Each structure stands twice: as C-alpha cells, then as structure tokens.
K.L.:
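Right, I'll just put the structure down here and ask away after.
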Amino acid sequence: MAGKVFAVVVVLVTLVTAYCVVTHVWWMPVDISVHGPKIDHQIEETILVAGLLFIAGQIVLASFVFRYGGATGKPKQIPGGAKPLVIFAFVLVGTEVLALSFIGSKAWGAVYFEAPDPSSLRIDVQAGQFAYYFRYSGPDGKFGPLHPELINEGNQNYFGLDPDHDPDAKDDIVTAEIGIPVNKPILLTLHSKDVGHSFYVRELRVQQDFVPGLSIPVHFTAIQTGRYEIVCTQLCGLGHYNMKAYLSVLSQSDFDDWLKKQAAMQ
Amino acid sequence: MSSNRELTMSSYVGIGVGLMLIVCVEVIFTYQHMAPHTLLFALLCLACLEAYVGVMYLMHVKYERPILFWTIFPATLFVLGFLCYLFPDAFRMLNMRLMK
Amino acid sequence: MSQIELMVAGGHEVIMEASPYGIEKKKLGMWIFIVSDACTFGAFLFAYGYMRIGTVAWGTPFGFSSILNGMIMTAVLLSSSLTMLAAVRAAQADDGAAVKKWLGATMLLGAIFAALHLREWFNLISEGWRLFANPTGGPAQFGATFFSVTGLHLTHVITGVIALGFVARGYKQGRYDQSHVETAGLYWHFVDLVWMFVFPLMYLMNAH
Amino acid sequence: MAETQVHAAHHAPSQGFIRKYVFSVDHKIIGIQYLTLSMVSAFIGMALSWAMRIHLAYPDFRIPILGWLSPNGAPNGLMTPEYYLSLMTMHGTIMAFFVLTAAPFAGFGNFVLPIQVGAADMAFPRLNMSSFWVTFVGFLLAAATFFIPDGPPLSGWTAYAPLSAVGSVAGPGQGLGQTLWVLSIAMFCVASLMGALNFIVTTLDMRTKGLTLSRLPLSTWAWFIDAWVSLLAFAVLLPCGLLLALDRLGGTSFFIPGGLVFNDQLQPHSGGSPLLFQHLFWFFGHPEVYIIILPAFGIVSHIFPTFIRKPLVGGWKVITFAEIAVGTLSFVVWGHHMFVSGMSPFMAMVFSVPTLFITIPSVIAVLVWVFSLYGANIRFDTPMLYSLGFVSLFITGGIGGFFLAQPSTDSYLHATSFVVGHFHFTMGLSAIFATFAGFYYWYPKIFGRTMNEKLGKLHFWLSFVGVYCVFITLHLTGFAGSVRRYSAFVDDFMIPLMPAQRFMTISALLLGAAQFIFLFNAIWSRFKGPKSSDNPWGATTLEWATTSPPPFDNFGGRQLTVYHGPMEYDDEASVMQTSPEASIAGT
C-alpha cells in the first residue's frame, strides 16, 4: 500500500512540476538583448535534456516501487547487473554533459570572450550601499579620475570626482538612473565603492558582480525600448533588498534629450 | 614496528648536511639577479626536492609500505595543485585594479 | 576473554584486520594530521602568492643580515631534526637516558629557533613593520603575509617544543613508549619541512 | 605492550554522571551528543526559516517572540530587513554546519562506525571527546550572536568579504556578531578535522578480523570517504577563517582592497582581494556540500539492502567507486559558485566542465539505487520510505545542477531562488531525509526501543509532500527572476510572485509543523516505545550483532570474526556478517 501511494505521489509531483515548467507558469521575462537568445536557447536545451532525465528517473523509481512493493519470493537482480547502468551513465549522460558544455561554452564565449565594439557607448557604474550611480563622459569623451577620499554623499559627489583639478571630470554627467540608446553597443565599467554588489537586469540576461577594488567590464546591446529594473543580487548589507535602479532603453533622439537634461542638472 | 636499520645515524647527518647545502644553493640563487619568476621556479623546485628527501628519509616513508606514500602524496598534491586555480584571478587583480 | 585482554595477550593482528599501513595507529593519525596541516600551510602560502602577484611594487625588505639569520635558523631547525632522529633511535634501543638527552637537545634547538625568529620579528617591528603597516611607504601586504605565515609556523614550533616536553616526561614515567617518540618525531620533521618552503618563499623572495 | 595497557585503561567504563554522560570518551555517548546538538540546532534553524518565510509572505505579521529576542531587530515583533538577513545568515550557518555536517557524519558516524567495524571505540577516544566539545563551543559562539546588542551577522553563511571583513561600518551585526561567527566557524573547522582524522584511522586500523575493505558496510565506506573530503576541505577553510579574523582583528587587508568608502569615510585598508576570499571559501564550500551528502549516500545504501532483501546491484564496488569519484571531483568544481563573481571568464569554463561531469558518478549512484529496486521485495518501514524519498529528492535536486553548472545559464539563474531551491533539494533536504532514515533505522539500536511506525509514516508523507511544495516553487520563481536574500519584495517584478510566496510560506509552516510529530515520536518512544529486539530489521551488519543498546565495549567482551560482505540478503533469509554459514547472495 505504502509503495503504491509513494509511486502515485512521485508521479503526481513529477507531472505537476513538468506542467509548471512547460506551461511557463512563472517564467523568464522576454529577452531584450542581442546576446540573450543564445542564453535562452541554452536554457531551453538544458530544460529538454535535464527534464527528460528528471521525468525518466522519477517514473522509473515510481514504477519499480509500485511493482515490487511488498513482493515475495526469491528476489532477482536486473539482467546484466550494474554494467549496463554504468555504461548508460557514461555514454548517455557523458554525451549530454559534453554537448551542454560545448554548446554552453559557445554561448558563454559569445558574451564574455567577444571584445566590446569599439564604437560602444561607455558608461561608468558605481555601486555602493545601497544605490547605483552612473557616469557618462560628457562631450569630451573622457572620464575624470576617481578619488575615493572625496566621495561624499552629502554634497552628491558619489564618484569622488575633483572637477576643480581634473579637467576631464568637469563635464562628467552623474545620474541615478541609466539611460541607453537602443541598438547601440554599450560598455559598462563596474566598480564598487564599498562591498560586493551585483548588476542584474533580467530582461538583458546580464548578471555581473561588482568586485571592490576591480573594474569589471560588461558589454551588451539592447534591442527594445522600455524601462527595466536593475537589482542587486550580491548580498551587500542591510539595505540589500532595496538596492535597485532603472535602466531606460530609449531611442537615440530620446536618449540625446535625456542626457542633455541630465547634464543640465549637474 | 618499523625499524631504522636501513639508515645509520651518520647517513642521517649526511642528509641533514645535504639539505643545508641545498639551502645554501637557494641563497646563492637569490643573489644572482634572476628574473623573479625564474628565481621562484628555482626555489620551489629546490624546496620540493628538500621536502621529498625529508619525507622519504627523515620521516622514513621510503622504508614504510608504498601505500603510505600513495596516500599522503596524492592527497596533498591534489589539494595544493588545484589551489593553483586561484592564480588567474591574482593576475586579474593586478591588471584590472581600480586604483593604480 | 574481552577484546582488551585479547589484545594484551595476543597483540593486534590475531583478532583484528591488519592495518594496510603496518604502522602504529597514532603514527597513522599523525600522518593524516600532517596531510591536513600541509594543506592549511599551503593555503596560507597560496594566499601569500596571490597577494604577491596582485600587488604592484611589492618591495623587498630583507638585507643580507636577515637572510643570514634565516640560514642560521634553518641550520638550527635541521639540526633539531637530526637530534630528534637520535632520540627516536634511542627510544627504539630502549635507552631512556639517551632519549631524555636527545629530546632535551631537540627542545633546546627548537627554543633557539623560536628565539632567533622572535628576534627577527622584533627587529621588523622596531623598524615599523606591522600586520597593517609598511614603514617604507609601499604596500602593507608584506607585513600581513610575513607575520601571519611565519606566525603560524612559529606556533607550530612552540607547540612542538611543549609537546616534546610532555613526551619526554611521559617516557621517563613509563607511560609512553617509543611509538610516542616516533609520532612526535614525525610532527617535528614536518614542522622542519614546512620551514623549507617558508624560508625561500618568505625570506629569499623578499631579499634585496 | 605499554600501548595496549594504556588502551585498556581508557576502556574501563567510567563511573560518575559527568564522566559517563557529559565528558564521556565513549563513542556512543558522543554520537548521541552530536545527534542531540544537531536536533536542537535543526529546530532552531527551522524556527528561523519560519520567521523568514512569514516575513516574506506577510511582512506585516508580528512575531512577538522575535520582539523579545531582539528589540532593535524586530521592534514589537515586526521584523526589520537587517534582522531578516541576520536570521538568514544564522539559518544557513546553523543548518549547514551544525545540522547537516554534524548529524549524518559526526552523529551517526560516531555511534555506528566503530560498531560496524567491530571495534570497542574510536581509534582516539579522547580526541573524539574533544571534537564534540569544540563543536559545542563553536555552537555556543554562534548562538551567542543572538543575544548581543547588535545581533547576528548579516553577511550570509558564505560571509563574503569585504562585507564580512571591514567590521561594524558595514552594518549592525558586522561588528561583534561577525567576529563571534568567524571564531565559531574556526572552532568547527578544528573539530571537524579532529573528527575526520579519527574516522579515517578507525576505519583503517580498528577493523575486526575478517572485515576486509571489500566487506565494509556501505555506510562505513561513505563515512570513510567523507572523512577524507572533510580532512582536506576544512584544512582550507581554517586558513580562510583565520585570515578573515586577522582582517577583522589584526588590521590586515587580505580580503579588503584599497579605496573603500563607508559613510563617506575612507577605510584604512589596501591591497586585498575579495576574490581570494571567495576562492578559499568555495574551495571548502563546494566539497562541503558533498561532505553533507556523502554520508547520506552511505546511509541510504546501507538501508536499502535490508528493506529490498537483496544486495544492491553492482555490489559494494559500483556505489563506492561512484562515491569516491564524487568526493574527488568535488574539489575541482568550486568555481561554479563564482561564474558571475568577477572571476576570470576563462576559469568559468575550466570549472564548468568538471561540474557537469560530476553528474556521471551521481547518476551512477542514483541508477544503482533505482535499479536495485527491480526484482526486489520492498518493505515499507519508515527508514525505507525515507530512503526512497531521499532518492526522489536527490534526482529532483540534481536536475537543477545542470542549469547552474553552465556559466551561460547560471548568469541568468545565479542568485535567484532557483539556486535556493536547488541546494535545498540536493544537499539540504536530501541529507535531512537520509538522516531521518538513519534515525528511524538506528533508533532501536541507540535506545533499545522502537519508534512508532504510524507516526513515523505520517511524518514522512507530510514532509515529502511539503518539501516538494516549498522547493519546486522556489525553482519556478527562480526562473521568473525572483532574487534570493531579499527580505521584502519592493521590486515591481516580484509583486506578481506574491501568491507563490504565500503558497511556499504556508507549505513551509506545515512542513515545519510535521517535524514536531517526529520530535514527539523521538522523545515519547525513548521512554514508552516498545522494547526492541537486538536485530529488529533482520539486518546483517555488526551493529545488529550486539544488544540494543550495545554495552560499553560494544560487544560485551566478544571478539567477532567477519565472514561475509554486508549485503547477504535473500528474501526473508539473511546471513549475519559474523556468521560462518555459507553465503546466500554471493557477496
């Protein structure tokens, strides 16, 4: 009895899980990046491969428990013993994981090993407890150097810029939201002023930690306008849950206007 | 239990003197103005040689059953070998640092 | 007969599976400890290497006098390994007086090593080196790595000297036998061999 | 000779309550102490998870006891975000270290392993006692953080630097709380190293006549392999903890880079690397999850043959080599926790491949369990139900691994609740289920009484269904991008997921409530349960060849000789390992 109940429960759980995954009850938001389809494709591929293993494993478990629960008489081993099982694991699972790592590396390489487009718009991102700040280089195309000792939230010097002494810093535009033009390659430089943070935009399929002390480059191209949430996914302290900013993907003309407006507010 | 019959005290003294000589060679190397990584490589090789001699003779593994050798060396070298995986990030720390 | 009585009467292998290693279980235990401790030291040295690679302009604070001091320390520690071997041989020959003499010599050499090492430490400290400070104005990582790595080693040496004292006392009182001396010897040689890495990496790589 | 006399002196049964039950060198008492400690820890950890789940789904709900525990963290019982993080940190720490590492390995291992190898005690009984008491001090240090003014640390069980390294400027709890945490973990490391050393030597050197390695019970094999993994992994966590302590207390900058600014104040540190901390931590951290799951493999492999009445397919070899492969590979995959951490993207691929390949030995282990059921006569006593539950949970958990092992897919799913669901299945609940299996299985041996079957089965069904309700939902919300370690869902994105959050909270409350059935059963059966025979399950290994509970020296002065492997089952018939009768299953 217990065995039959167990089998039924396992099958039910498997079917419900599979149903939820297949019908996308809760699912990834639509991708808005150029590289995203590769990642989405990889996830689909993995769902197929892993999902089949999941269903097969649970169903075989359930059916054996159902069939042999409370059986009597002389027990027997599966014909052939363990050898076919080991061969199965090596050949089938081995092929699967080889394929996944091969295709997966290509998806990963497409994101991380491709050099950023030289015409990219460069934006400097600084994360701190518990906000992001973004910096555009302004008309001169150059970022002023950073002076951590000058960082002062009170007078809104979030980056530690010294416009009085550094000419490059004079026209830098610092914003609390990030606006980017659509269909233009973007190169972010991530750095943190205090602890580890992360830059995660679900729709962009981008997640990258900020490492205190390092500048981490991230590049992507957004292909759809809209306003998207940036959230921090690296535990950064008591305000972690509330650390977020918005990414606005704008048409080129909207972006130019927006940036002008931001420059005027400096 | 195990016995030390295989080595006499004077051969131990010889090993001790040999190890000290290797240390002297290390010191001489240090003052040859080699490139740091060449020096590091040379020093590490010599240190590993010393450790090997020490473990095999002073600590007597050579005269124990081979399984002892095959237990301690693979386990230790496995851990130390794979810890090398963290060095690429040390170079990242050098090359991608925020503050020059 | 109980298991214990049997062991007393017939020895280990009549009633138990032979150890695959054919050595005393406490010696095996010491070997296992050494494997783990080697990884601990290794991780410290890897952290040092990581810092060293990742730091611009590390600086090399040791002059020849420090290196010479280090060589003397190495010689002292190597000799203590030899006296330790002599103590083990004396224990195997059941020569109580010689065991006491050689263990005493080992402890003395260990203490000299510690004293020389502390002198080096105090020299550096008086020059202004700290765990977090570099008197020459360069990166502070040298002090941090040097004091922590050698501090860990020094702790091992001092622990070893104390442990040898207990072994010597136990041996004299007849509570301990030659296997205890051998086990302590393994530890002592291990501490010696760790120094064979600490010396080139912490001293020689930092000589100017 | 002196050696054996010293040995004999250890083994006179101690007189007096303190020597007998508190500072006891008897491995059985120490095993019970470990099990008790982890049971207390488990209920603390569970209470913390309740508080967190309630806060996630019903942020306005007041929990009065929290208000009493921390007037600052939860004024009037209303949890603040930072207190949520503190509870989360302590949930992770207590569960990962003091429950999952302590119970299946140190707890059952201590009680059962020496008996299974036919020894009177562990190889080093006093070392064994010290490892428990050091663990206990570690536990007290961790528990003490609840009662200090700033409360427990809030940097998660992974305590990433520099959040964990810079001190109280990084937030409440990062001062004294984090210091106590580091010391607690260092203590735990030392205790685990001593325990691992003891297990290894006991398995190698204390086996009774005839108990060759090929005849070792599968649980002993798993504890032995696990001891090696512990020995090497904790040896690296210890320096990691010491360096973190130096950063906090000695002013060094191993993990703290220069130019950090907190509250507009430049910190007096320079030159460290947060990535170094992550590497050292995960070098331990990934083997740690196998340290947790390997004893579970062993316990389940040990229980299976008893209740399917035949040997596992492939005998001892296939499952044991799979465990060795898993244990070995576990050391070369740690970087998959760091795919998006700023680690070299090339290393991400180097770590990804072995992470995927560790699936192969895991799949072999699962296939062994599942296909052993073929042609079996399965009996559904509670231990077997839990073992079957373990297999099902482990399959489900393992599937998530495919997604997190690949850097490309991980870059979307990393730090979402998908990860939380995944590791709760694979190492959390799987190991807990195996622990329950072991508990129901060995309870008659430990206390000489049997646990109530009806309550046991009820406990199983509620737990099994509850686990799936909570943790599959976590996977699904993870696909939707629900971020972990968030205390309140202020994000626009997460609001639509609130129904899922409420469902999980209610399931988790029920799942937790079911554990009180177990607690009641365990305590009640201790005093009122029916007396158990020496071998209630008809099992064959040495722990069943002695009385229940076993006498002080385990076999009442008998010296056993072993003639068979541990899986001599054929339907109703079985042959004890100690019986010279002919083999019936050919192992």
Side-chain angles (χ1 to χ4, degrees), chain A residues 2-3 6 10 13 17 20 26-28 39 42-43 46 50 54 57-58 60-61 64 68-69 71-72 74-78 82 85-86 89 93-94 97 100-101 104-105 107-108 112 148-149 151-153 193-196 202 205 207-209 211-213 216 229 231 233 235 237-238 241-242, chain D residues 81-82 156 160 162-163 170-171 257 259-262 264 266 274 309-310 313-314 318 340-342 345 349 353 356 359-360 363-364 367 370-371 373-378 380 392 395 399 402-403 406-409 411-412 414-415 468 472 476-477 479-481 483 485-488 490 493 571:
Chain A
F6 181 85
V10 166
V13 163
T17 308
C20 291
W26 290 291
W27 207 247
M28 301 188 282
I39 290 178
Q42 187 68 12
I43 289 183
T46 312
F54 168 67
Q58 301 285 11
V60 173
L61 171 70
F64 283 170
Y68 296 105
T72 51
K74 188 163 177 63
K76 53 184 185 299
Q77 290 292 19
I78 186 125
L85 304 180
V86 175
V93 184
V97 298
L100 282 180
S101 33
S105 322
W108 177 250
Y112 276 89
E149 67 279 7
I151 289 181
N152 190 323
E153 309 249 321
K193 85 169 172 71
D194 39 39
V195 300
R202 303 168 180 95
R205 305 290 188 264
Q207 179 166 207
Q208 175 64 54
D209 283 7
V211 185
I216 308 279
E229 222 172 354
V231 295
T233 52
L235 180 55
L238 54 98
Y241 76 104
N242 204 11
Chain D
E82 56 267 35
Y160 271 17
L163 181 60
L260 294 196
V261 178
F262 289 88
D264 298 343
L266 190 65
R309 308 311 296 172
K310 63 168 199 164
V313 59
V318 175
V340 300
S341 70
M349 283 164 49
V353 174
L356 282 164
T359 318
I360 295 178
V363 166
I364 291 178
L367 289 176
V370 172
F371 281 88
L373 298 173
Y374 174 91
N377 301 343
I378 311 173
F380 295 101
S392 173
I395 295 174
I399 296 307
F402 282 100
F403 296 86
Q406 306 170 61
S408 52
T409 50
S411 68
Y412 178 77
H414 188 85
Y468 268 107
I472 282 289
L476 296 171
T477 54
F479 272 123
V483 181
R485 291 171 166 168
Y486 266 35
S487 48
V490 293
F493 202 87
D571 194 20

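Chain A is the first sequence line, chain B the second, and so forth, proteins listed ahead of strands; every chain is numbered from 1. Just so it is clear, the structure is predicted and the values come from calculations on it, not from any experiment.
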K.L.:
Compare all side-chain heavy atoms of D:Q406 with those of A:W108 and state whether any distance is below 4.5 angstrom.
P.N.:
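Sidechains of A:W108 and D:Q406: no contact.
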K.L.:
Taking D:E82 for its side chain and A:G237 for its backbone only, find out whether a donor-acceptor pair lies under 3.5 Å.
P.N.:
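It does not hold such a pair.
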K.L.:
Between A:G69, A:P75, A:A71, who has the most heavy-atom pairs with chain D when the cutoff is under 4.5 Å?
P.N.:
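Result: the option with the highest number of such pairs is A:P75.
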K.L.:
Within this structure, what is the CG-CH2 distance for the pair D:L476 and A:W26, rounded to the nearest 0.5 Å?
P.N.:
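It is 6.5 Å, given to the nearest 0.5 Å.
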K.L.:
Do you know which of D:V261, D:T477, D:V318, D:I472 has the most heavy-atom pairs under 4.5 Å to chain A?
P.N.:
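Among the listed options, the one with the most contacts to chain A is D:V261.
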K.L.:
Can you name the closest pair of heavy atoms from A:Q207 and D:A415 and give their distance?
P.N.:
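Distance-wise, the nearest heavy atoms are OE1-CB, 3.6 Å.
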K.L.:
Given the options A:L100, A:V93, A:V86, which has more heavy-atom pairs under 4.5 Å with chain D than any of the others?
P.N.:
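Winner by heavy-atom pair count: A:L100.
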K.L.:
Checking heavy atoms, do the side chain of A:V13, its backbone, both or neither come under 4.5 Å from chain D?
P.N.:
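For A:V13, side-chain heavy atoms alone lie under 4.5 Å from chain D.
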K.L.:
Please evaluate residues A:I43 and D:F479 with respect to the criterion side chain to side chain contact (heavy atoms under 4.5 Å, CB included), reporting the C-alpha separation (whole Å), side-chain torsions for both, the decisive distance (0.1 Å), and the verdict.
P.N.:
CA-CA 10 Å; A:I43 289 183; D:F479 272 123; 4.1 Å; yes
K.L.:
Atom OG1 in A:T233, atom OH in D:Y486: separation rounded to 0.5 Å?
P.N.:
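Answer for the OG1-OH pair, A:T233 versus D:Y486, is 7.0 Å.
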K.L.:
With chain D as the partner, which of A:S105, A:G104, A:G196, A:P212 has the greatest number of non-hydrogen pairs under 4.5 Å?
P.N.:
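The candidate making the most pairs under 4.5 Å is A:P212.
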K.L.:
Less than 4.5 Å apart, any side-chain heavy atom of A:Q77 and any of D:Y374?
P.N.:
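With C-beta onward as the side chain, the pair stays apart.
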K.L.:
Shorter than 4.5 Å, heavy atoms on both sides: which option in A:G213, A:A50, A:S101 has the most such pairs with chain D?
P.N.:
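Most pairs with chain D among the choices: A:A50.
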K.L.:
Counting heavy-atom pairs under 4.5 Å with chain D, which one of A:V60, A:L61, A:I216 comes out on top?
P.N.:
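Option with the greatest count: A:L61.
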K.L.:
Heavy-atom distances under 4.5 Å only: say whether D:Y412 touches chain A with side chain, backbone, both or neither.
P.N.:
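D:Y412 touches chain A through backbone and side-chain heavy atoms alike.
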K.L.:
Which heavy atom of A:L235 sits nearest to which heavy atom of D:L163, and what is that distance?
P.N.:
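Heavy atoms of A:L235 and D:L163 come nearest at O-CD2, 3.7 Å.
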K.L.:
Looking only at heavy atoms, what is the nearest atom pair of A:D209 and D:S341, with distance?
P.N.:
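Between these two residues, the closest heavy atoms are OD2-CA, 3.5 Å.
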K.L.:
So how far is it from D:M349 CE to A:Y112 OH, rounded to the nearest 0.5 Å?
P.N.:
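OH of A:Y112 is found 13.0 Å from CE of D:M349.
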K.L.:
Return the minimal non-hydrogen interatomic distance between A:I78 and D:V313, and the atom names on each side.
P.N.:
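For A:I78 versus D:V313, the nearest heavy atoms are CG2-CG2, 3.8 Å.
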K.L.:
Name the option with the most non-hydrogen atom pairs under 4.5 Å to chain D; the candidates are A:T17, A:T72, A:L238, A:V10.
P.N.:
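Most heavy-atom pairs within the cutoff with chain D belong to A:L238.
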K.L.:
Mind ranking D:A480, D:S487, D:P257 by heavy-atom pairs under 4.5 Å with chain A and telling me who comes out on top?
P.N.:
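Heavy-atom pair counts peak at D:A480.
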K.L.:
Rounded to the nearest 0.5 Å, what separates atom CZ in D:R309 from atom NZ in A:K74?
P.N.:
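One finds 12.5 Å between CZ of D:R309 and NZ of A:K74.
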K.L.:
Rounded to the nearest 0.5 Å, how far apart are CZ of D:F403 and OG1 of A:T46?
P.N.:
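Those atoms lie 5.5 Å apart.
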K.L.:
Can you say whether A:E153 sits under 4.5 Å from chain D via the side chain, the backbone, both, or neither, judging by heavy atoms?
P.N.:
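It is both, since atoms from each part get that close.
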K.L.:
Heavy-atom pairs under 4.5 Å with chain A - which of D:G259, D:A170, D:P162 has more of them than the others?
P.N.:
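Of the candidates given, the most pairs with chain A belong to D:P162.
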K.L.:
Can you tell me how far the CG atom of D:N377 sits from the NZ atom of A:K76, to the nearest 0.5 Å?
P.N.:
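The NZ atom of A:K76 is 9.0 Å from CG of D:N377, to the nearest 0.5 Å.
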K.L.:
For chain A, find which of D:G171, D:G342, D:G314, D:S411 contributes the most heavy-atom pairs closer than 4.5 angstrom.
P.N.:
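Max contact count across the listed options: D:S411.
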K.L.:
If we define contacts as heavy-atom pairs under 4.5 Å, which of D:I360, D:L266, D:I364 has the most with chain A?
P.N.:
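With the most close heavy-atom pairs to chain A, the winner is D:I360.
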K.L.:
Yes or no on ring-ring contact (aromatic ring centres under 6.0 Å, His included) for A:F64 and D:F371, after CA distance, side-chain angles and deciding distance?
P.N.:
CA-CA 8 Å; A:F64 283 170; D:F371 281 88; 5.4 Å; yes
K.L.:
With the side chain counted from C-beta on, respond yes when D:Y160 and A:V195 share a heavy-atom pair under 4.5 Å apart, and no when they do not.
P.N.:
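No; the side chains remain at least 4.5 Å from each other.
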